[in-house]
Amino acid sequence: MLKPLGDHVLVKPLSKEEKTEGGIYLPDTAKEKSQEGEIIAVGPGRMLENGTRVAPEVKVGDKVIYAKYGGTEFKVGDEEYLIMRESDILAVKE
Amino acid sequence: MLKPLGDHVLVKPLSKEEKTEGGIYLPDTAKEKSQEGEIIAVGPGRMLENGTRVAPEVKVGDKVIYAKYGGTEFKVGDEEYLIMRESDILAVKE
Amino acid sequence: MLKPLGDHVLVKPLSKEEKTEGGIYLPDTAKEKSQEGEIIAVGPGRMLENGTRVAPEVKVGDKVIYAKYGGTEFKVGDEEYLIMRESDILAVKE
Amino acid sequence: MLKPLGDHVLVKPLSKEEKTEGGIYLPDTAKEKSQEGEIIAVGPGRMLENGTRVAPEVKVGDKVIYAKYGGTEFKVGDEEYLIMRESDILAVKE
Amino acid sequence: MLKPLGDHVLVKPLSKEEKTEGGIYLPDTAKEKSQEGEIIAVGPGRMLENGTRVAPEVKVGDKVIYAKYGGTEFKVGDEEYLIMRESDILAVKE
Amino acid sequence: MLKPLGDHVLVKPLSKEEKTEGGIYLPDTAKEKSQEGEIIAVGPGRMLENGTRVAPEVKVGDKVIYAKYGGTEFKVGDEEYLIMRESDILAVKE
Amino acid sequence: MLKPLGDHVLVKPLSKEEKTEGGIYLPDTAKEKSQEGEIIAVGPGRMLENGTRVAPEVKVGDKVIYAKYGGTEFKVGDEEYLIMRESDILAVKE
């Protein structure tokens, strides 16, 4: 699998069907892209200018809402994934 | 519910009807979007470069004025919400 | 009333009539918008990266000159207000 | 009079006639705007990220050269003034 | 061979054929450029403002995913290489 | 004469004739503007965020190469001068 | 000769003929400009915000790859040179 670097995280976007079951909908202007997903892997975190790392706020398995147009898409077999910065993650579903 | 990350906050925008009762109006140029809302959830706050977090100035239940075009919209069922950075919150109504 | 956050301040712009009495005029190129007002409320001040806040230089009641196109407009009843960053305040009238 | 905030300074631009007497001319491409003036008031200075202020390098009465298109213009009666950041002041005439 | 400076790394992009065997595919919108490669050399790392260097997270031999449009291309003989900043490396394949 | 502020320096550009004698030529694309000159005056230097100043690397009398389109032009009598930041000075001729 | 300031370095670009002999070729899209050269002189290095300088990673005589469109061109007699920031140097040939 993939190990993200720095403050990057690996996200599996929820398909439209799953999202409908989960009960959260995005407005018409945002319909073309999913903004929900699950955290699959996290990097070691952001490096501060004083040389220490900030532990990520998200962990593997977290269901998250992320910013539109954040991240890089790629496929492993038929599965689609996104790699994005943790700062593109807006909130965790609890 | 949603737990915002970092310096993000979750806001429930006031509908136009509620806003009229509250007595605050926006100028014509800003009429198309609400700029008033209620804080529903707050993140742990902004991380400074020295590694400490700044506690948010707003708390759950605060009625706030926020910047135009700030934040990401989404729906839970029929309810509309916004996730935005605390720096997009301009003032609290007291 | 409104309590500004961070380094925001709440300003009541002077109407054109008041400004004429006060004896300060803006050049033709800036006539369409007032740049004078009174400070109505101030936030706790800007947070430095070392975690301390800078006390605002302006206080409630100060008559100020502010930058063109700074701030967000809104109305309470018939009264117009502006919320802007303290860095948009250029000078205090003494 | 006006008390500038932060690293702002208040400048009285020299009229074209005064400038001709002073013996300094600007090239054709810069003729439309004066770039010489006198410091009328200075703010407390720029705040560093460590929380201390930098004392301004200019003082009231200094004759200065300033950057084109820096600052905000306004009038007190018939007199024109500029408020600009000290970083827009390029040099002092000695 | 080439020794990268600072936080630069030297990457050998995987050809399309190799990538197909590896089982990872990029979406249609990203097909025109490879985003997978192998780390050939690494620089000493990024210099922090406090004067220390951050050891690179990647090492020679790592298989990586990198950002689209990152880096500078060049050839040694018939072989194509990329030099990019480590921040353009998104993840390591494990 | 003029005393530059902060990290500004005062430069007297070399005329085309002088430059030809000095033996350094600029490529065709840069011919329209001189990029060689002599340092006439230097400011106290750049202020770091920790409150100390960096002594300028150039001194009065240095012959320098400077960046295209850096600085502000003005005339004293018939003499043309430039005020620019020291960071626009690329190298000293020795 | 020229002494670069700060983090600038002086580079002598390799002519197309020399580069062919060296065995490194640039892709078609980069053919119009050389990206290989030799370090002729180095400045004292970049100044950090804490007031110390970072010793340059390159030294006189190093053969380097540099970023496209970095630096300022000039001629001494018939010889062409480039002055660029060290951060525009991507790698050293060893």
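Chain letters run A, B, ... following the sequence lines, proteins first, then strands; residues in each count from 1. All heavy atoms count here, side chains included; hydrogens, waters and symmetry mates do not. Note that this is a predicted model, so its numbers are computed, not measured.
- Side chains of B:Leu90 and C:Thr72 form a contact here, defined as non-hydrogen atoms less than 4.5 Å apart.
- In this structure, the separation between CZ on C:Arg85 and OG on B:Ser87 is 6.5 Å, given to the nearest 0.5 Å.
- Heavy atoms of C:Leu48 lying under 4.5 Å from chain B belong exclusively to its backbone.
- Put simply, NZ on C:Lys3 and CD on B:Glu57 are 8.5 Å apart, with the number rounded to the nearest 0.5 Å.
- Between B:Arg46 and C:Glu49 there is a salt bridge, since a side-chain N of the basic residue sits under 4.0 Å from a carboxylate O of the acidic one.
- Residues satisfying the side-chain contact (heavy atoms from CB on, under 4.5 Å) test with B:Lys63, not counting sequence neighbours, are B:Glu38, B:Lys93.
- Considering CG of C:Asn50 and OG1 of B:Thr52, their distance stands at 9.0 Å, rounded to 0.5 Å.
- Put simply, the side chain of B:Glu94 never gets that close to the backbone of C:Met1: no donor and acceptor are under 3.5 Å apart.
- Between B:Ala91 and C:Pro4, the shortest heavy-atom contact is CB-CA, 3.8 Å.
- With a 4.5 Å cut-off on non-hydrogen atoms, B:Val58 touches chain C through its side chain but not through its backbone.
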